Amino acid sequence: LVNVTVDDIKVQVPEGTTILAAAKSAGVNIPTLCYLNLADFGCVNKTASCRVCVVEVEGRRNLAPSCATPVNEGMIVKTNTIKALNSRKIVLELLLSDHPKDCLVCQKSGECELQDLAHEFGIKEIAYEGKESTYRKDISKSIIRDMDKCIMCRRCETMCNEVQTVGALSGVNRGFDAVVAPAMEMDLNDSVCTYCGQCVAVCPTGALVERDATWDVLSALADPTKTVIVQTAPAVRVALGEEFGYAPGTSVTGKMVSSLRKLGFDRVFDTDFAADLTIMEEASELLDRLTRHLNGDTSVKLPILTSCCPAWVKFFEHNFNDLLDVPSTAKSPMQMFSAVAKNVFAKELNVDRKDLIVVSVMPCLAKKYEAGREEFSKDGDFDTDIVLSTRELARLIKQANINFNILKDEEFDNPLGESTGAGVIFGRTGGVIEAALRTAADWYTGKSLENIDYEAVRGFEGVRSADVKVGDLDLKIGIAHGLGEARKLLEEVREGKSMYHAIEIMACKGGCIGGGGQPYHHGNTSILRKRTEAIKIEDESKAIRKSHENPYIKKLYNEYFKEPMSHQAHELLHTKYFK
Ligand code: HC0
Ligand code: SF4
């Protein structure tokens, strides 16, 4: 340990600790902008590029960036001298001088870390007027890049390259023209970007934001010729409350349903229902591949990979396109829901599929891209019409003057609103494979098993391995969350070294609860664990916790699909992957 004094407070910290961390342990919070410590992601962005965190160190002439300067024995640090404060203010003024002054109409307004600091430092005028750098806006289906608002903190780059290992973003050009961009400054649309949205989740300004679709929803709701239905993803209900002042980890399912009804949706349905439907197909596929494999069929590919995360799907289409026959062919719950809504439910309602608008509320930005994939459309009409993120839903509720906090809990509509605990746990890492195991184990043993808590697949480790007994089968299950972690398991599969029978992959840390469309965590990743806890409580509170026991799922198979992997099921519930 070394002894350090920060603003007259003495602390002992391990050798190698940064001044920033030492100050924190002394209870002194030094402001930062580019710095980001995502402890649960195994990643720290300390490019020391913004210089907001500078401090005075006794005996040194120059100010030191506290995020990147390690302490040493006897160091005396002052974080609030006039020299440090002045330098911090000048840094902010310089950043603002080359920043658009459209804060009033910026999508990030109110949640922008640069705006917060300018406010904190009492900056009331732009000190250095002059030419601002300008760059074209890049608008993809999921994300808008507005590099005029980029402050070159490089958080997005660290996230995309180090955590996700996608490598879609890097700093290009120099000086005034420097921006963060895909290779050869192409648009995201033409790049290897997976639309996971994790760069958006960590961008401190409005340089990276989701493509907002709230107005599309309002227009659809106002159109009397349309029937507008909505589905909500498992992870939305355990995070939406944060936008209305609830503590992280508060589940607001009933209020969410009630607010959607107040917004004017004709039916409020649940993606969790479709998650149960996904399990019917995916568990059948798993058992089918396993039993064929055990019977010596060498054409069978194992492990089977889950396929419901669209960022993950795009990632393997780009990086592992020699393995396209390995993942399950089951569509994601969102797309299964929409296929059933447009092809089965529309007929029940007696409306043309073009007049049925399906809105999805998702914790994810890649879902916007997924909805727009050609294979999920028929004669130009997409199965999912509009995708909103959790943040956008909160915006809509606020715009509609709905007092969320006093709403009474309401229930989803049926038939596409009933779900089991297995559907709920899709929202967290390990949940899809646990849900599949609950059903596969019952089917394989021919019994209704009582123990359905597969503790071995739960947890927060980036890559997990679990041994699971299903009847007389000893299954080895792999789980990865975060694309960098997924890459490790995929490389083993490619090399023929994978020891797994089945692998679940989710692109975001924590699974969907940590999606790029969720309320901003501003680096406090303990929020993700609290959301996971809320999912657990929802699961345990459900009367039915196995997908195949969902009465509405049974009815759908009796009346329409007949059995999993039937001809009808293949037509509506399965998909293909492309190079
Ligand atoms: Fe997910 Fe899903 S679990 S991807 O994270 O499978 O977005 O929440 O909706 O589709 O159900 C997201 C969440 C979903 C889908 C489900 C899956
Ligand atoms: Fe990289 Fe994901 Fe951002 Fe695309 S959305 S640039 S893959 S972090």
Side-chain angles (χ1 to χ4, degrees), residues 138 140-143 145 155-170 180-183 187-189 191-203 207-208 210 231-240 270-279 282 306-315 318-319 328 330-338 360-371 384 387-390 419 422-429 431-433 435-436 481-484 504-508 510-518 531 535 547:
D138 171 9
S140 72
K141 285 185 176 133
S142 298
I143 294 170
R145 282 175 62 238
R155 286 183 185 181
C156 58
E157 239 184 293
T158 302
M159 180 54 88
C160 190
N161 301 344
E162 286 178 30
V163 180
Q164 299 296 58
T165 68
V166 172
L169 297 174
S170 55
V180 176
D187 286 345
L188 278 182
N189 212 7
S191 77
V192 292
C193 169
T194 66
Y195 301 120
C196 71
Q198 287 303 311
C199 53
V200 175
V202 297
C203 176
L208 293 165
E210 68 274 15
Q231 57 165 319
T232 59
V236 174
R237 66 207 66 190
V238 296
L240 179 66
D270 200 353
T271 314
D272 292 24
F273 167 83
D276 283 335
L277 185 54
T278 302
I279 288 307
E282 232 172 60
T306 60
S307 55
C308 37
C309 166
W312 151 236
V313 167
K314 193 162 187 279
F315 182 77
H318 282 300
N319 299 290
S328 158
K331 285 182 188 173
S332 72
M334 177 179 91
Q335 286 309 136
M336 283 200 185
F337 176 96
S338 303
S360 305
V361 186
M362 296 282 139
C364 169
L365 301 187
K367 288 280 172 196
K368 290 174 186 272
Y369 147 81
E370 182 187 24
T384 308
V387 179
L388 291 178
S389 64
T390 309
S419 69
V424 173
I425 57 175
F426 266 59
R428 54 105 172 134
T429 166
V432 178
I433 207 70
H481 53 130
L483 291 172
E504 177 200 293
I505 294 178
M506 286 288 173
C508 298
C512 291
I513 51 105
Q518 292 282 57
R531 292 176 189 162
I535 292 258
S547 298

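Heavy-atom basis, side chains included; hydrogens, waters and symmetry copies ignored. On a predicted model such as this, the values are computed, not experimentally measured, just so you know. Counting starts at 1 for both ligands and their atoms, following the listed order.
- For the residue pair Thr194 / Gln164, no side-chain donor-acceptor distance below 3.5 Å is found, with atom types taken as modelled.
- At the shortest separation from atom 1 (Fe) of ligand 2 among protein heavy atoms lies Cys160 SG, 2.3 Å.
- Expressed to the nearest 0.5 Å, how far CE of Met159 lies from OG1 of Thr165 amounts to 12.0 Å.
- Residue contact annotation: Cys196 places no N/O/S atom under 2.8 Å from atom 3 (Fe) of ligand 2.
- Remark: minimum distance from atom 4 (S) of ligand 1 to any protein heavy atom is reached at Cys512 SG, 3.4 Å.
- With a heavy-atom cut-off of 4.0 Å, Leu365 does not touch ligand 2 at all.
- Counting only non-hydrogen atoms, the option in Gln518, Gln335, Glu370, Lys367 that gets closest to atom 10 (O) of ligand 1 is Lys367.
- Near Cys308, the atoms of ligand 1 lying under 4.0 angstrom from a non-hydrogen atom of the residue are 4 (S), 6 (O), 17 (C).
- Each of the atoms 6 (S) of ligand 2 lies under 4.0 Å from some heavy atom of Leu169.
- Screening Ser328, Ser332, Cys512 for a side chain to side chain contact (heavy atoms under 4.5 Å, CB included) with Cys308, the sole residue that qualifies is Ser332.
- Residue contacts with ligand 1: Pro363 is included, with a non-hydrogen atom under 4.0 Å away.
- Taking every heavy atom of Cys199 and a limit of under 4.0 angstrom, the matching atoms of ligand 2 come to 3 (Fe), 5 (S), 6 (S), 8 (S).
- Residues Ile425 and Ile535 approach most closely at CA-CG2, 3.8 Å, considering heavy atoms.
- Of the polar atoms of Met334, at least one N or O is found under 3.5 Å from an N or O of ligand 1, judged by distance alone.
- Close contacts of ligand 2 with Val166, meaning ligand atoms under 4.0 Å from a residue heavy atom, involve 7 (S).
- For the pair Val192 and Val166, the tightest heavy-atom approach, listed with the atom from each and the gap, is O-CG1, 3.5 Å.
- Distance from atom 3 (S) of ligand 1 to its nearest protein heavy atom, with residue and atom name: Phe426 O, 3.2 Å.
- Of all non-hydrogen atoms in Met506 and Val432, the two that sit nearest each other are CE-CG2, 3.5 Å.
- Among protein heavy atoms, the minimum distance from atom 4 (Fe) of ligand 2 is reached at Cys193 SG, 2.3 Å.
- Atoms of ligand 2 lying under 4.0 Å from any heavy atom of Thr194, numbered from 1 in the order shown and given with element: 2 (Fe), 4 (Fe), 7 (S).
- For the pair Cys309 and ligand 1, no heavy-atom separation below 4.0 Å is found.
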The test is side chain to side chain donor-acceptor pair (under 3.5 Å); show your working for Gln231 and Ser338 and say whether it passes. CA-CA 9 Å; Gln231 57 165 319; Ser338 303; 3.3 Å; yes
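- No donor-acceptor pair under 3.5 Å is formed between the side chain of Thr232 and the backbone N or O of Asp270.
- The minimum heavy-atom distance linking Gln198 with Gly516 is given by the pair NE2-N, 3.6 Å.
- With Arg531 as the partner, the side chain to side chain contact (heavy atoms under 4.5 Å, CB included) test is satisfied by one option alone out of Arg428, Arg237, Gln518: Gln518.
- Val180 and Cys156 make their closest contact through CG1-SG, 3.7 Å (heavy atoms, listed as atom of the first residue, atom of the second, distance).
- Here the closest heavy-atom approach between residue Ser191 and residue Ala168 is recorded as OG-CB, 4.5 Å.
- Below 4.0 Å from some heavy atom of Thr271 lie the following atoms of ligand 1, by number and element: 9 (O), 11 (O).
- Of all the atoms in ligand 1, the ones that sit under 4.0 Å from a non-hydrogen atom of Ala275 are 11 (O).
- Comparing Ala235, Cys364, Pro333 by heavy-atom distance to atom 11 (O) of ligand 1, the nearest is Pro333.
- Between the side chains of Thr306 and Glu504, no donor N or O sits under 3.5 Å from an acceptor N or O.
- Protein heavy atom in closest approach to atom 5 (S) of ligand 2: Gly197 N, 3.2 Å.
- Ligand-side atoms of ligand 2 in range of Ile143: 5 (S), range being under 4.0 angstrom from any heavy atom.
- Interface of Tyr195 with ligand 2, defined as ligand atoms under 4.0 Å from a residue heavy atom, comprises 4 (Fe), 5 (S).
- At the shortest separation from atom 9 (O) of ligand 1 among protein heavy atoms lies Ala233 CB, 3.0 Å.
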